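The block underneath contains the structure these notes are about, expressed in structure tokens.
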Amino acid sequence: MKIKILFLSLALCLFSVVNGTAQKEKSTEVRVLTYNILHGANTNGNFDLDIIADLIKKTNPDLVALQEVDFKTNRVNKRDILSELAVKTGLTPVFIKAMDYDGGEYGEGLLSRTSFIKTENVSLPHAPQNEPKAAGLATLVTTTGDTIQFIATHFDHLEEGKDRLKQARAIHKLTDKLEYPAVLAGDLNDIPGSPTINLLEEKWQASYDKKGAVPTYPSNKPNIKIDYVMFYPKHHWELVETRVIQDSIASDHNAVLSVLKLLNP
């Protein structure tokens, strides 16, 4: 009897140690996709959203940042592009308006596997004569119960880069107000090593390979990287993998998928 009691006690101790270690090492993976969708037009000029939706579904993302999203503009025949993609992918949508355009609105789209707790439209600085830009800031709980924040944005494309740098400074400042581990994704319209990307990387860890960044644009013959996934703070995340998904028809950009592991503090 004493031997059985001793064995049971040892078994309980071992279970407690293993269970405690498992709790301590608990982490969750978050699959993040960023994609500039050319307002849904495809590179052949057709509005075949099934092509875009299929690409999104194949990557099985938890979070998606979409750029160049039209909301009921004339050029898309008054269609709600983001809502249609949400139905086709089974994800939850939030549209972030950057400006009025062509009888409707134009901006960014956020898609999530779970619902959003809170969303905010953050206007980004720009010269009066240039295109307005915005960032969508969302707070949500992942499927494993972790609260995170997600920033989806699209920076200015002009060669001079003055607006881009201002917009990077705005995100840089916004970082200080974040309450939870965060992911930043979008078409930042600048290359690794540029002042824009260097500024962001002072706080954010980028998911691309610094020794050889895979180009994302143009989709038919990509030669520059301008689409990014980043995470903050660095010690709360671990990069599992990142890859560029090439499709020369779905959009003029290639999508970027990054799989991140959220670590316990």
Side-chain angles (χ1 to χ4, degrees), residues 32-59 61-116 118-138 140 150-158 163 167 185-189 216-220 226-227 245 247-256:
V32 183
L33 183 75
T34 183
Y35 200 16
N36 183 318
I37 62 169
L38 189 62
H39 65 274
N42 311 141
T43 57
N44 58 15
N46 295 328
F47 283 91
D48 186 354
L49 295 183
D50 286 336
I51 298 176
I52 299 171
D54 287 346
L55 184 148
I56 293 172
K57 287 190 292 184
K58 286 177 182 177
T59 63
D62 297 295
L63 294 170
V64 183
L66 299 176
Q67 302 85 51
E68 294 195 23
V69 179
D70 276 28
F71 176 77
K72 298 186 177 181
T73 62
N74 293 321
R75 69 177 175 180
V76 299
N77 296 318
K78 296 296 183 179
R79 293 166 66 177
D80 180 349
I81 298 298
L82 183 63
S83 292
E84 290 188 38
L85 286 173
V87 170
K88 292 176 182 295
T89 60
L91 300 173
T92 302
V94 170
F95 176 72
I96 300 296
K97 174 183 172 182
M99 65 176 181
D100 293 317
Y101 180 75
D102 192 25
E105 300 174 3
Y106 174 81
E108 326 321 319
L110 284 68
L111 294 172
S112 173
R113 189 164 301 282
T114 59
S115 61
F116 296 96
K118 181 182 179 182
T119 60
E120 180 181 353
N121 186 327
V122 180
S123 296
L124 299 179
H126 64 93
Q129 71 275 15
N130 293 342
E131 183 179 299
K133 295 294 182 181
L137 170 60
L140 62 140
F150 183 42
I151 301 175
T153 192
H154 185 191
F155 284 179
D156 185 76
H157 68 284
L158 295 178
D163 278 3
Q167 289 154 8
D187 173 3
L188 303 183
N189 267 316
T216 62
Y217 180 86
S219 61
N220 60 336
I226 56 177
D227 304 273
I245 302 159
D247 188 316
S248 61
I249 300 299
S251 175
D252 59 341
H253 284 246
N254 288 322
V256 176

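The model shown is predicted, which means the values in this text are computed figures rather than measured ones.
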Taking C-beta and beyond as the side chain, do Phe116 and Leu110 meet within less than 4.5 Å on heavy atoms? yes
Please walk me through it: do Asn189 and Asp156 pass side chain to side chain contact (heavy atoms under 4.5 Å, CB included)? CA-CA 7 Å; Asn189 267 316; Asp156 185 76; over 6 Å; no
Looking at every heavy atom in both Leu66 and Ile37, which two are closest together, and how far apart are they? CD2-CG2, 3.8 Å
At their closest point, which heavy atom of Ser248 faces which heavy atom of Ser219, and how far apart are they? CA-OG, 3.5 Å
Worked check of side chain to side chain contact (heavy atoms under 4.5 Å, CB included) between Thr92 and Leu140: CA-CA 11 Å; Thr92 302; Leu140 62 140; over 6 Å; no
Is Ile52 close to Asn42 at the side-chain level, that is, under 4.5 Å between some pair of heavy atoms? yes
Looking at every heavy atom in both Lys97 and Ala134, which two are closest together, and how far apart are they? O-CB, 3.8 Å
Are the side chain of Asp80 and the backbone N or O of Ser83 linked by a donor-acceptor pair below 3.5 Å? yes
Salt bridge (Lys or Arg N to Asp or Glu O under 4.0 Å) partners of residues 121-135, not counting sequence neighbours, each pair once: Glu131-Lys133
Should Glu105 and Asp100 count as side-chain neighbours, where that means a heavy-atom distance under 4.5 Å? yes
How far apart are the C-alpha atoms of Glu84 and Phe47, what are their side-chain angles, what is the distance that settles it, and do they pass the side chain to side chain contact (heavy atoms under 4.5 Å, CB included) test? CA-CA 12 Å; Glu84 290 188 38; Phe47 283 91; over 6 Å; no
From Ile249 CD1 over to Ile51 CD1, what is the distance, rounded to the nearest 0.5 angstrom? 7.0 Å
Do other residues, nucleotides or ligands put more than 12 heavy atoms under 6.0 Å from the NZ atom of Lys72? no
Can you see which heavy atom on Ala138 is nearest to which on Thr119, and at what distance? CB-CG2, 4.0 Å
So do the side chains of Ile245 and Lys58 get within less than 4.5 Å of each other, counting heavy atoms only? no
Counting distance only, does the side-chain N/O of Glu120 pair as donor-acceptor with the main-chain N or O of Gly136 below 3.5 Å? no
Member of Asn36, Val256, Asp187 meeting the side-chain contact (heavy atoms from CB on, under 4.5 Å) criterion with Thr216: Val256
Does the side chain of Leu137 come within less than 4.5 Å of Lys118's, by heavy atoms? no
Nearest 0.5 Å, please: how far is OH in Tyr35 from CG in Asp247? 5.0 Å
Taking side chain as C-beta onward, heavy atoms only, is Lys88 less than 4.5 Å from Asp50? yes
Heavy-atom pair with the smallest gap, counting every atom of Phe150 and Ala185: CE1-CB, 4.0 Å
Decide yes or no for Thr89 and Val64: does some side-chain heavy atom of the first lie under 4.5 Å from some side-chain heavy atom of the second? no
Mind listing the closest non-hydrogen atom pair of Asp252 and Thr43 along with its distance? N-CG2, 3.6 Å
Does some side-chain heavy atom of Pro61 sit less than 4.5 Å from a side-chain heavy atom of Ile56? yes
Could you walk me through whether His154 and Leu124 satisfy the side chain to side chain contact (heavy atoms under 4.5 Å, CB included) test, starting with their C-alpha distance in whole Å, then the side-chain angles of each, then the deciding distance to 0.1 Å, before giving a yes or no? CA-CA 10 Å; His154 185 191; Leu124 299 179; over 6 Å; no
Nearest 0.5 Å please: distance from the OH atom of Tyr106 over to the NE2 atom of His39. 8.5 Å
Taken to the nearest 0.5 Å, the spacing of Arg79 CZ from Leu49 CG works out to 4.5 Å
